[in-house]
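Single-structure report; data block below.
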Amino acid sequence: MSLLVQKYGGTSVGSVERIQAVAERVEAARVAGHSIVVVVSAMSGETDRLLNLARAIKNPPPSRELDAVLATGEQVTIGLLAMALLARGVDAVSYTGGQVRILTDSAFNKARILDIDASNVHTELKAGKVVVIAGFQGIDDQGNVTTLGRGGSDTTAVAMAAALKADECQIYTDVDGVYTTDPRIVPEARRLDRITYEEMLEMASLGAKVLQIRSVEFASKYQVTLRVLSSFVDGPGTLITTEENIMEAALISGVTLNRDEAKLTIVGVPDRPGVASTILGPIADANIEVDMIVQNSGADGAADFTFTVHRNEYDQALAICQQTNLEMKARAVQGDKRIVKVSIVGVGMRSHAGIASRTFRALAAEGINIQMISTSEIKISVVIDEKYGELAVRTLHAEFGLAEQV
Ligand code: ADP
Ligand code: ASP
Ligand code: MG
């Protein structure tokens, strides 16, 4: 008998019928003899609806109060699922994040889990109950309700699995695993049987929203056995695991598209030491995360300095850059929201040369202009015009033969 943490995302609990179907799945696992902790998201569309309600009152909403509103979505689904289980004769009990005591910091809207006191959950499990826990939410040391950032229920599930030393954490969603790219963009995309934590971390941070980045960080740190599965059809799903457990690493495992970034350039910056810190210092002070950075010096002693930020923080970053531009006596600030970042990821890249040149050649053949490039040991990312985003994903997916079984 094993202990499983099962997480069901928004579409999987999107209606009364879907909640009944989840209850059926949980019951089957109980009948098979497993102890089950379930983590649920809000019903699909609900978190957006709550966010819009808050924005209609005050935009941007005050962050503490926003969490008070957003956390309600998951409180509905825990109650409903626990009821559906009880109705089937499966003993079950619902818990909010605060009732479990999922302790987070006080960074409202993007809180980090600091500690989980799993003793209540252990007691309920020992009594033979299924424990249904609200994803995406916690409580800080002052008792304030916090939320973990969009997609945060994945992180609740993995953190619970780590705290309970569960045998496996199963992420049930609307696709039957992690694919070589988003199957909504490339229908030929192939399900991966296995992927390393490291590759999954890159894919999640580069735009594959199938798992929240922090959930993969947790899984890797605490060596949680993590599997992505469909709540609609049965199948083996995708196992996220260590590199030793993968017989032969693929050259490229996946292609991602990130539509959440925007680009800022300060043109004609004096080319002298300290420029990067003068520009990025105030951005960091405003708690804005910078992703890609490119600086190129021209022959005239001036440089152009370009970087990307999350689109949500673009307006704020633009205002800061305009101020810096005046102070530095640079020439101008240019901003562009109509960009996307396309990336290829694979641990096989470490031992193969020529991947970058193949990538650039394939994009050039489609007439796609590359505006920025960044690389690491296992990924290559390019920033391009957003209108070519999906074409670039399809082009690279085909170039590296990802649809074919390896
Ligand atoms: P949930 O509500 O269950 O958390 P999400 O919408 O957060 O589900 O994540 C599942 C979605 O992630 C899929 O419907 C799919 O469109 C998208 N996705 C993006 N990239 C990938 C990928 N590489 N493999 C699988 N799904 C992906
Ligand atoms: N309901 C939250 C969201 O929509 C958390 C989650 O679904 O994981 O982002
Ligand atoms: Mg999700």
Side-chain angles (χ1 to χ4, degrees), residues 6-15 18 22 38-52 66-67 69-78 97 109-111 133-138 146-160 170-195 199-216 227-233 235 237-238 240 252-260 342-346 389-390 393 396-397 402-403:
Q6 300 189 331
K7 178 256 171 176
Y8 292 91
T11 341
S12 305
V13 292
S15 64
R18 290 303 312 157
V22 167
V38 184
V39 172
V40 283
S41 292
M43 295 167 89
S44 63
E46 180 62 10
T47 307
D48 286 329
R49 189 184 74 85
L50 294 168
L51 190 56
N52 288 334
L66 179 60
D67 277 354
V69 174
L70 293 186
T72 62
E74 274 71 10
Q75 194 167 335
V76 171
T77 42
I78 52 171
N109 316 158
K110 50 179 175 188
I133 299 173
F136 178 56
Q137 55 174 260
T146 56
T147 68
L148 309 179
R150 297 308 300 268
S153 300
D154 297 332
T155 301
T156 305
V158 176
M160 280 312 307
Q170 305 177 329
I171 306 288
Y172 284 92
T173 182
D174 55 4
V175 271
D176 64 346
V178 178
Y179 276 66
T180 47
T181 194
D182 190 341
R184 291 185 210 216
I185 300 175
V186 183
E188 307 80 56
R190 181 172 47 83
R191 182 181 58 78
L192 299 162
D193 279 325
R194 288 167 182 236
I195 184 169
E199 288 168 312
M200 194 62 237
L201 199 57
E202 286 283 10
M203 284 185 58
S205 65
L206 295 169
K209 291 192 174 155
V210 59
L211 286 174
Q212 200 201 32
I213 308 166
R214 252 184 248 160
S215 71
V216 189
R227 196 183 290 276
V228 176
L229 304 133
S230 164
S231 68
F232 293 78
V233 290
T238 300
I240 294 108
I252 305 297
S253 293
V255 183
T256 59
L257 175 63
N258 184 340
R259 306 177 205 256
D260 293 337
V342 175
S343 314
I344 56 172
V345 175
E390 297 200 358
V393 170
L396 297 177
H397 197 265
L402 296 189

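FYI, the numbering just counts along the sequence from 1. Computation of the quantities below employed the complete heavy-atom set of this structure, encompassing side-chain atoms and omitting hydrogens, waters and symmetry-equivalent molecules. Whatever order the structure lists them in is the order used to number ligands and atoms, beginning at 1. Computed from a predicted model, the values in this text were never measured in an experiment.
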Problem set entry | Neighbour list for ligand 1 [protein residues, heavy atom under 4.0 Å] | K7, G9, G10, T173, D174, V175, G177, V178, Y179, T181, D182, P183, R184, M203, A208, K209, V210
For this session: Specify the closest pair of heavy atoms between V40 and E74, including all atoms of both residues, with the distance to one decimal.
Result: O-CG, 3.4 Å
Problem set entry | K7, any N or O under 3.5 Å of ligand 2 N or O | no
Exercise. Relative to ligand 2, is E46 under 4.0 angstrom through side chain, backbone, both or neither, heavy atoms considered?
Worked result: neither
For this session: Flag S153 as yes when one of its N or O atoms lies below 3.5 Å from any N or O atom of ligand 2, and as no otherwise.
Result: yes
For this session: Considering non-hydrogen atoms only, spot the tightest contact between S41 and G10 and give its length.
Result: CB-N, 3.6 Å
For this session: Evaluate the side-chain proximity of V342 to T256: yes if any heavy-atom separation is below 4.5 Å, no if none is.
Result: no
Exercise. Which pair of heavy atoms, one from T156 and one from A134, lies closest together, and at what distance?
Worked result: CG2-O, 3.9 Å
Problem set entry | Closest protein heavy atom to atom 7 (O) of ligand 2, given as residue, atom name and distance to 0.1 Å | S41 OG, 3.1 Å
For this session: Please say which of V255, L192, L396 ends up in a side chain to side chain contact (heavy atoms under 4.5 Å, CB included) with L402.
Result: V255
Problem set entry | Donor-acceptor under 3.5 Å (S231 side chain, Y172 main chain) | no
Problem set entry | Ionic contact status for E390 with R259, cut-off 4.0 Å | yes
Exercise. Can you check whether R18 reaches V13 side chain to side chain, under 4.5 Å on heavy atoms?
Worked result: no
For this session: For E74 and ligand 2, answer yes if some heavy atom of the residue is under 4.0 Å from a ligand atom, otherwise no.
Result: yes
For this session: Identify whether the distance between the nearest side-chain nitrogen and carboxylate oxygen of R150 and D260 falls below 4.0 Å.
Result: no
Problem set entry | Under 4.0 Å to a heavy atom of R150 - the qualifying atoms of ligand 2, by number | 3 (C), 4 (O), 9 (O)
Problem set entry | Nitrogen or oxygen of G151 less than 3.5 angstrom from that of ligand 2 | yes
Exercise. So is G10 in contact with ligand 2, going by heavy-atom distances below 4.0 Å?
Worked result: no
Exercise. Is it true that the side chains of T147 and Q137 contain a donor and an acceptor less than 3.5 Å apart?
Worked result: no
